[in-house]
Amino acid sequence: MALELRDEVATGSEPAVTQPSAPLRALTGDTAYAGDPAGAAGSARAGEPVVKIRGYGRRFGDRVVLEGVDLDLADGEVAALLGASGSGKSTLLRALCGIDHGADGHVTVPKERAVVFQDHRLLPWKKVWRNVLIGVKGSKADALAALQEVGIAGRADAWPGTLSGGESQRVALARAFIRRPRLLLLDEPFGALDALTRLRMHGLLRELCARHNPATLLVTHDVDEAITLADRILVISDGRISLDHRVGDDASARSGTAALALRARLLSELGVNPNHRPHQNHEKR
Amino acid sequence: MALELRDEVATGSEPAVTQPSAPLRALTGDTAYAGDPAGAAGSARAGEPVVKIRGYGRRFGDRVVLEGVDLDLADGEVAALLGASGSGKSTLLRALCGIDHGADGHVTVPKERAVVFQDHRLLPWKKVWRNVLIGVKGSKADALAALQEVGIAGRADAWPGTLSGGESQRVALARAFIRRPRLLLLDEPFGALDALTRLRMHGLLRELCARHNPATLLVTHDVDEAITLADRILVISDGRISLDHRVGDDASARSGTAALALRARLLSELGVNPNHRPHQNHEKR
Amino acid sequence: MSAVSYDYEVVVGKAAEDSERPIAKRIAGGGLSVWRRIWSSRGTRFLGPLILLGVWQLAVSVGHASPLSLPSPSNVFTTGRHLVANGTLISALLVSLRRVGLGLALGVAIGGSLALLSSLSLVGERLIDPVMHMFRTMPVLALLPLFVVWFGIGEKAKVFIVGWAVVFPIYINLYAGVRSVDEKLVTAGKVLGLGRWGLIRHVILPGALPQFLTGLRLALGVSWLVLVAAEEINATSGLGYMITNAQNLSETNVMFVVLIVFSLLGLATDILVRLIERWTLSWRSSFVTK
Amino acid sequence: MSAVSYDYEVVVGKAAEDSERPIAKRIAGGGLSVWRRIWSSRGTRFLGPLILLGVWQLAVSVGHASPLSLPSPSNVFTTGRHLVANGTLISALLVSLRRVGLGLALGVAIGGSLALLSSLSLVGERLIDPVMHMFRTMPVLALLPLFVVWFGIGEKAKVFIVGWAVVFPIYINLYAGVRSVDEKLVTAGKVLGLGRWGLIRHVILPGALPQFLTGLRLALGVSWLVLVAAEEINATSGLGYMITNAQNLSETNVMFVVLIVFSLLGLATDILVRLIERWTLSWRSSFVTK
Amino acid sequence: GSSSPTTSINTSGTSTGAGSSTPYTVNFGFINTTATMTGPWGYAYSKGLLQKWLKADGVTLNLSHFANGPLLTAAMIGGSVDLGVLGDTPGLIAKSQGLPAQFVDQPELDLVAWIVAQPPIHSVTQLAGKTVAVQQGSYLDRYLQGLLVQDGLINKVHRVAMLSAESTPAFEAGSLDAILSSPTQWPLLAKTGKRYNVIAKSEITPSLEGTQVTVATNKILAAHPDIASIWNSVRVKSIQYAEANATAYYQWAAVQGNTTAATEEEAAPLSSYPTPNFTAAGISQLQGTLNFLVSQKEATPFSLQAWEVKSS
Ligand SMILES: Nc1ncnc2c1ncn2[C@@H]1O[C@H](COP(=O)(O)OP(=O)(O)OP(=O)(O)O)[C@@H](O)[C@H]1O
Ligand SMILES: Nc1ncnc2c1ncn2[C@@H]1O[C@H](COP(=O)(O)OP(=O)(O)OP(=O)(O)O)[C@@H](O)[C@H]1O
Ligand SMILES: [Mg+2]
Ligand SMILES: [Mg+2]
């Protein structure tokens with residue numbers, strides 16, 4: 001079915017170096033927000049999932065990274081995505097962004113999306129505040145407000161090349177937070193932040209979710225972060241979603257023993273001995 | 001004194017776009033490992049610090065990032081460096097690498113250094129295993145062994161551009177671990193790794209330290225990681241080293257209540273309310 | 001939440017392709033995947049030249065141009081076949097290829113070395129760069145007599161003239177390429193223990209390679225251009241000689257045959273550089289999926 | 001640990017500068033910071049041209065060259081002063097500047113558009129790219145008669161010839177520049193909601209700008225080169241006309257004056273492009289400290 | 001001057017100075033875009049005779065050809081060419097600028113130039129206000145300017161410098177009102193099928209016609225003072241040989257120029273190749289050209305007499 005057809009197209013179209021170049025492929029692909037009312041997609045009916053993934057798979061050459069992934073995300077749902085390094089989290093996110101043209105299966109997403117890439121992807125030739133405004137209509141004041149929220153309004157006029165790792169990450173966050181997405185895709189968005197800033201960003205994310213109620217997919221390596229922020233926790237391993245846990249809706253599910261139990265379960269799913277707590281059993285040297 | 005003199009040189013030499021280009025400056029600078037026996041530096045006497053930082057400061061334009069930093073690192077000492085995003089941790093590391101030509105003060109470091117950059121800096125035109133061997137004499141087998149240790153021997157023949165974030169980070173780690181440095185500089189080296197891989201890397205780092213006994217400066221945002229790995233924990237804030245804590249030598253200092261107390265102290269130094277534990281006090285939405 | 005409706009799109013799957021249609025149609029001239037597949041095939045590269053041929057034939061048929069200024073494709077083809085059959089064209093091609101080959105080698109070596117000296121050393125930059133910019137606007141045509149005075153009228157002079165012209169695109173592009181190498185990678189290489197030559201070999205040259213190849217593309221083109229001027233000096237064969245000769249004898253057919261040979265050489269050099277690119281820049285294509 | 005001794009180095013501070021010495025000496029010809037500071041000053045860019053002048057004077061003094069092939073600098077200077085005084089040089093310069101300016105504008109517009117079409121659209125690439133490679137090796141000298149037939153012998157023909165030659169370096173460099181834009185940034189721009197034109201304007205053009213400027217540098221050079229050929233057609237003034245004329249009349253002094261004007265124009269165009277670079281690529285210098 | 005009899009090889013090396021007795025090579029340059037040397041000596045060369053004759057004097061000839069006079073004089077300055085035949089205009093200009101070479105002979109006189117115009121122009125006076133293209137510095141230019149000065153039109157006609165490769169198509173396309181042409185170009189124009197008027201022929205005003213000059217560098221003359229006489233003798237032999245085989249000669253010339261034998265005979269009859277190295281008629285044509293160039297400030301005056309090589 002669909003899978004076979006994609007395969008054919010995927011192998012038939014893009015032969016290595018000669019053809020279509022990066023910019024070319026991007027341009028001849030579709031454009032987010034571009035408005036294609038007569039396009040292949042429809043409108044959401046209330047209650048339907050906003051993200052539908054069916055039989056999704058991705059292989060690079062012989063290597064199968066993901067296979068047969070089915071997933072629905074509902075409006076307003078915050079899902080955390082955990083998984084070993086190289087398990088395919090970013091690959092899945094790229095597909096949801098609509099920038100992966102070599103995947104199999106069928107994926108539908110809302111047109112209004114916002115993304116924080118794992119590698120930030122700031123345009124080096126645009127000052128920080130202009131980077132925040134890429135693709136949205138807004139004034140410098142809007143950009144400054146967004147930068148203020150992530151705590152780097154002071155660097156608004158800097159070139160991205162001069163930012164520290166955490167600063168770039170926060171610009172990428174501001175860039176996502178200034179939008180009103182129906183789908184928010186965050187690829188390890190807090191990885192380069194210190195504890196304090198990270199907590200602030202957690203707060204901001206919650207606020208944004210409360211305001212616009214987007215479906216959110218948050219890739220993180222921090223199990224605690226997943227438990228604090230997510231309604232639903234997904235673990236990828238061996239190319240599939242091996243665990244799909246819904247966190248209870250009340251606060252108790254995120255604290256105390258319930259949280260500790262969940263933490264242990266997630267860690268064991270990730271291959272870590274859950275009894276292995278930090279600052280315990282290593283004797284140094 | 002030295003500070004004034006540098007200042008003069010720093011302002012006198014490099015006027016914006018016209019002059020000296022990136023590669024040029026790198027080439028006319030000195031080269032690590034290049035062997036300059038008649039150079040300005042001497043040899044270590046036992047017991048003396050291997051890293052000496054005196055009156056170090058760095059400003060970008062009007063912005064003072066670091067000022068009056070004094071720090072010694074002894075042979076074999078593992079120091080963790082904590083600090084808010086943008087506080088100057090990477091800046092200090094760059095100075096210790098010897099690639100920052102605009103700093104004030106006086107810094108002496110051993111010639112044999114290994115670095116993991118915050119942004120990995122793999123050469124995109126060299127396959128993974130060749131990236132590991134840059135600047136060292138070694139065979140592909142050596143590279144594969146190092147890659148095996150960080151768990152990505154399977155991607156040895158891949159181009160860096162196809163790696164996931166965590167995979168790149170591990171290649172950068174392998175690149176550092178294959179050396180026998182006297183000074184090991186690690187800039188958030190585990191930030192993009194999942195829990196399991198991170199624990200493995202901690203083990204590797206310990207092993208390396210045990211084997212070659214380098215002075216190590218580890219930048220991290222993970223307080224627990226600092227406590228588990230470091231002999232000494234430094235916190236940068238407001239442009240200075242605001243806390244310099246030596247972790248006790250016995251295992252007890254890294255576990256149980258001692259660790260929790262240290263954790264609380266570090267977090268409060270970083271501005272976080274230490275009572276604020278994960279999975280506790282946030283009600284969701 | 002109220003029942004606000006939002007637009008959806010398929011990002012993976014059958015419809016994902018169709019959603020490319022509007023833009024593909026606008027740019028690519030055909031919206032169906034079938035068309036994209038057809039255009040993707042390498043054979044379509046010959047369409048442009050074929051259209052050109054058609055336009056030429058049309059121009060001749062409409063008859064606006066005199067046969068002296070624009071002969072018909074068939075006439076030119078006949079002449080071409082004749083020139084190939086009697087060996088003139090092939091031997092001219094071989095002679096010119098030798099001159100261009102030697103000149104290119106010389107120019108690339110000199111231009112490349114100067115670019116490296118100039119982009120990697122402050123003193124080199126100060127001394128070499130302005131002089132290069134002074135020389136490169138001096139017209140080859142005007143310099144011909146000086147070349148003759150200094151290098152004589154033999155093969156040497158012709159090779160030197162080609163070499164001279166090749167130096168500049170190589171210099172400019174390699175210089176710019178070196179300067180555009182990501183400094184983070186250069187410092188990384190340095191910190192990792194690469195010495196001067198190691199840095200140049202492992203970091204700077206690979207980083208500048210794409211732009212160097214652009215320079216090479218231009219140099220290959222330029223070398224054929226100046227060949228005509230070079231072969232004004234005491235040449236007894238060669239493509240440039242042939243075309244000047246044909247021009248003076250008003251043999252428009254021959255002139256067009258040689259022009260077509262030049263254009264085929266242009267195509268060939270492009271394919272050559274593409275092959276070099278595919279071979280040396282394969283790491284770039286790996287970004288395809290990121 | 002036993003008392004193994006290791007080498008140390010000063011990476012920040014006074015000695016850090018001195019430790020640069022061995023390499024600085026090897027490359028920069030002077031190891032002291034004072035020297036580096038001197039070389040860094042922009043004035044040293046004039047050293048190369050001065051040395052050139054010295055070599056010229058020396059060659060003349062040693063007397064290996066006949067005044068017919070290499071006049072002395074002072075003679076050339078006198079002739080130059082005379083030509084400036086009687087207005088010949090200035091009016092020739094103005095006439096040629098106009099032709100080059102118009103030709104450049106035309107060539108940059110056409111070459112730039114073709115490069116964008118070709119690099120951004122599959123069909124464009126298939127149709128345009130091979131044709132460009134076919135045309136660019138056709139020697140301008142051989143095409144002159146065709147230009148004359150199609151565009152006459154007025155200003156138009158001269159401007160078109162310059163434009164024709166300018167198209168190719170612009171096309172090749174902009175095409176390569178667009179293709180080298182980091183795809184990650186392009187997809188990021190797309191995901192962030194940029195449309196086709198937004199992507200071109202905010203991502204692709206800025207990303208390709210450095211290489212475009214390299215193309216512009218080459219185009220500026222090339223435009224002066226073909227001017228000489230263009231002004232072989234029915235010109236009564238202009239630098240190209242002047243130099244051809246001087247050549248025909250064996251007025252080596254005048255020829256050298258014009259050559260020097262050409263080289264100064266080369267310097268000026270370089271400075272112009274440097275200014276554009278400083279203005280548009282300021283973000284690049286920000287990587288200085290990373 | 002006069003042509004001296006040929007001498008046989010003198011192996012003892014005592015009869016003439018500077019070691020001219022041992023065999024040596026002379027680099028000979030001529031103007032032609034094709035690699036073949038034209039004229040009677042070119043014909044003799046194509047038959048292998050010229051080489052044979054020169055061999056007898058111990059001279060090996062090495063031919064080089066050039067697109068225009070300036071390139072040939074550059075080659076003489078650079079030492080790549082020892083002996084060369086070029087048009088009188090570039091030769092006189094180069095000499096007045098100090099070309100280190102002497103005047104060996106005047107091998108061809110009466111270079112024929114025509115003015116070809118678009119109908120309805122049918123006379124030179126009608127050229128007033130019109131555009132005429134001519135290759136600058138050529139004998140055609142000399143003829144045109146001379147004629148216009150004579151007719152008082154020099155400031156009324158728009159004279160533009162173009163190479164014939166460009167002026168011919170421009171003329172056909174109607175961009176030019178008239179061009180200068182040699183009879184050898186005429187058949188090419190006729191081939192277009194259009195009608196053009198030949199409004200002036202230089203045969204009527206031989207004093208305005210160009211000539212060719214042979215010059216030898218001071219260097220070769222110093223090393224082999226007899227080269228001038230050697231060359232002259234073989235030149236004379238060539239002319240005599242061509243005259244003896246006139247039909248074959250014109251045929252051969254037609255093939256070289258892509259024309260017809262009749263055209264060649266009209267453009268460059270064998271009668272325009274004098275056997276003496278200097279003739280009164282030739283020198284007066286040359287002097288006329290020099291005077292003209294001086295009047296145009298394109299050359300400085302000098303004595304032709306003094307330029308003549310002193311035959312050994
Ligand atoms: N273009 C490509 N060609 C080949 N393999 C690729 C390519 N892109 C990604 N991969 C591989 O696919 C796997 C999944 O990559 P992905 O980036 O999705 O990992 P991830 O789960 O995000 O890991 P991390 O946590 O380290 O970011 C990795 O092993 C990666 O090397
Ligand atoms: N070239 C530069 N020009 C101007 N400011 C700079 C430059 N490089 C760094 N900075 C600034 O200096 C500060 C310190 O940067 P640094 O990279 O050292 O931070 P950091 O402590 O490593 O932060 P992070 O944890 O986010 O990586 C930042 O605010 C950064 O924006
Ligand atoms: Mg990832
Ligand atoms: Mg940092």
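None of the values given here were measured: they were computed from a predicted structure. Residue numbering restarts at 1 for every chain, and letters A, B, ... go by the order of the sequence lines.
Atom-to-atom distance recorded for I77(E):CD1 and T252(D):OG1 is 6.5 Å, nearest 0.5 angstrom. Rounded to the nearest 0.5 Å, atoms CD (E166(E)) and CG (L144(D)) are 4.5 Å apart. Within the model, atoms CD1 of I153(D) and CE of M162(E) stand 5.0 Å from one another, a figure rounded to the nearest 0.5 Å. In this structure, CD in E298(E) is found 9.5 Å from CG in N248(D), a value given to the nearest 0.5 Å. To the nearest 0.5 Å, atom CG of residue L163(E) and atom CD1 of residue I233(D) are 9.0 Å apart. I93(E) contributes atom CD1, which lies 8.0 Å from atom CD of E251(D) (distance to the nearest 0.5 angstrom).
In Q305(E), the CD atom is not crowded: 12 or fewer heavy atoms of neighbouring residues, nucleotides or ligands sit closer than 6.0 Å. Around CZ of F302(E), the count of heavy atoms belonging to other residues, nucleotides or ligands within 6.0 Å exceeds 12. Heavy-atom neighbours of F77(D) CZ from other residues, nucleotides or ligands within 6.0 Å: at or below the threshold of 12.
The heavy-atom pair separating P169(E) from P145(D) by the smallest distance is CG-CB, 3.8 Å.
Between R159(E) and T236(D) the shortest side-chain heavy-atom distance does not fall below 4.5 Å.
There is no contact between A74(E) and chain D, counting heavy-atom distances below 4.5 Å. Neither the backbone nor the side chain of L293(E) comes within contact range of chain D, judged by heavy atoms closer than 4.5 Å. Residue Y241(D) touches chain E through its side chain alone, counting heavy-atom pairs closer than 4.5 Å.
Most heavy-atom pairs under 4.5 Å with chain D: of the set A133(E), P70(E), G137(E), G69(E), this distinction falls to P70(E).
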